[in-house]
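Being a predicted model, the structure only gives us computed values, none of them experimental.
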Amino acid sequence: MGLFNIFGKRPPRVEILSPVAYSVKIQYPAVLEFMMTVSRMKVEDDQRTFFRFDRGEVTVNGDASSDYIAADLAAQCGAVLYPLQLCVAADGSIAQLFNYPEIVKRWEEKEPRLLEYFAGPEATDYIRATARCIQEEAAVLRAIQQDLFLTCWCNLAMGGRRSAYQLIPFKEPVAFEHDIKFTVNKLTKMIDTITAEWKFVQDGSPRRTLLTAVCNPIKETVV
């Protein structure tokens with residue numbers, strides 16, 4: 001063991017506070033449903049705001065994602081991000097990945113199993129593309145910044161005034177109308193419910209995306 005490892009600066013102590021669990025549903029065009037737990041984090045000697053997110057199993061149109069090869073592959077690749085620890089700026093934007101090395105380690109352990117389980121050139125290409133993204137911290141951060149639930153929740157939790165959301169995967173944000181309502185718990189100061197609807201135009205046709213997140217159980221709330 002080198003001198004750097006012996007006398008190097010130790011990582012800051014992290015305290016994970018009590019989690020809040022949400023049932024989340026996103027509709028566009030398929031209906032995705034999953035559980036998401038969110039916890040505040042206290043990081044030693046760091047006054048910034050941190051949250052920990054952990055996502056459960058994803059269902060597609062009421063069925064397990066494993067029933068669909070493409071959805072199963074996407075869900076398993078995405079699962080390596082969780083538990084996810086984020087630093088959130090005062091304006092509600094996602095500013096930094098706090099546990100990026102853990103994400104890389106999880107991917108390195110899972111990638112060989114994915115390549116063995118999912119056969120075919122398209123699956124291999126998808127896994128390789130995910131690997132390239134995981135190996136670049138900025139690319140992972142950009143992907144997270146396009147996640148609809150994460151960006152919406154963080155923005156609302158911090159009282160931000162975000163006007164643009166990534167409604168079409170892999171494309172630039174488009175002009176849209178939106179209606180976002182939410183409630184906050186008086187005691188915990190955490191969000192209890194989110195009901196959001198975005199209306200926009202894609203390829204000349206009207207579209208809409210729906211997002212709901214409900215805390216389990218719902219406690220006394222205040223808008």
Examine distances only and state if a side-chain atom of [X] and a backbone atom of [Y] form a donor-acceptor pair shorter than 3.5 Å.
X      : Y      : value
Ser65  : Val58  : yes
Glu44  : Pro12  : no
Lys110 : Ala79  : no
Asn99  : Pro83  : yes
Tyr100 : Ile134 : yes
Asn185 : Thr188 : yes

Shared hydrophobic cluster for [X] and [Y] (ILVMFWY, side-chain gaps under 4.5 Å):
X      : Y      : answer
Ile16  : Phe98  : yes
Phe182 : Leu150 : yes
Leu210 : Val31  : no
Leu84  : Val20  : yes
Val184 : Phe149 : yes

If we only count heavy atoms from C-beta on, is the [X] to [Y] side-chain gap below 4.5 Å?
X      : Y      : answer
Trp153 : Leu211 : no
Thr37  : Tyr22  : no
Leu81  : Val140 : yes
Arg40  : Met190 : yes
Phe118 : Tyr126 : no
Arg128 : Leu115 : yes
Glu108 : Arg106 : no
Ile144 : Leu86  : yes

Measure the spacing between [atom1] of [X] and [atom2] of [Y] and express it to the nearest 0.5 Å.
X      : Y      : atom1 : atom2 : result
Leu73  : Ser66  : CG    : OG    : 12.5 Å
Gln85  : Met41  : CD    : CE    : 3.5 Å
Asn61  : Glu33  : CG    : CD    : 9.0 Å
Trp107 : Cys77  : CH2   : SG    : 4.0 Å
Cys152 : Asp147 : SG    : CG    : 10.5 Å

Practice problem: Dump the intermediate steps for side-chain contact (heavy atoms from CB on, under 4.5 Å) on Leu17 and Glu15, then the final yes or no. | Solution: CA-CA 6 Å; Leu17 304 185; Glu15 180 183 1; 3.5 Å; yes
Pair [X], [Y]: side-chain N/O donor-acceptor within cut-off below 3.5 Å:
X      : Y      : answer
Thr212 : Thr195 : no
Tyr68  : Asp63  : yes
Ser93  : Asp91  : yes
Asn155 : Tyr165 : yes

For atom [atom1] of [X], decide whether the heavy atoms of other residues, nucleotides or ligands shown that lie under 6.0 angstrom number more than 12.
X      : atom1 : result
Gln202 : CD    : yes
Glu122 : CD    : no
Glu116 : CD    : no
Ile69  : CD1   : no
Lys25  : NZ    : no

Inset, instruction - Might you work through the side-chain contact (heavy atoms from CB on, under 4.5 Å) test for Leu167 and Leu148, ending with a clear yes or no? - result: CA-CA 7 Å; Leu167 301 178; Leu148 188 58; 4.1 Å; yes
Looking only at heavy atoms, what is the nearest atom pair of [X] and [Y], with distance?
X      : Y      : result
Glu197 : Lys199 : OE2-CE, 3.4 Å
Gly78  : Arg55  : C-NH2, 3.8 Å
Cys154 : Val88  : SG-CG2, 3.8 Å
Ser23  : Met35  : OG-SD, 3.4 Å
Pro29  : Gln27  : O-CG, 4.3 Å

What about Tyr82 and Phe53, are their ring centers closer than 6.0 Å? no
Inset, instruction - Tell me whether the centres of the aromatic rings in Tyr28 and Trp198 are closer together than 6.0 Å. - result: no
Evaluate the side-chain hydrogen bond (donor to acceptor under 3.5 Å, both in side chains) criterion for residues Gln96 and Arg48: first the C-alpha distance (whole Å), next the side-chain angles of each, then the deciding distance (0.1 Å), finally the verdict. CA-CA 11 Å; Gln96 181 185 353; Arg48 295 177 299 170; 2.8 Å; yes
| message | Strictly below 4.0 Å, N to O, side chains only: are Arg142 and Glu137 in salt-bridge contact? | response | no
Checking Asp179 against Glu177 for the side-chain contact (heavy atoms from CB on, under 4.5 Å) test, could you report, in this order, the C-alpha distance in whole Å, the side-chain angles of both residues, the deciding distance, and whether it holds? CA-CA 7 Å; Asp179 181 20; Glu177 299 177 1; over 6 Å; no
Leu156 and Ile180: side-chain contact (heavy atoms from CB on, under 4.5 Å), yes or no, with the steps?
-> CA-CA 9 Å; Leu156 297 176; Ile180 301 176; 4.0 Å; yes
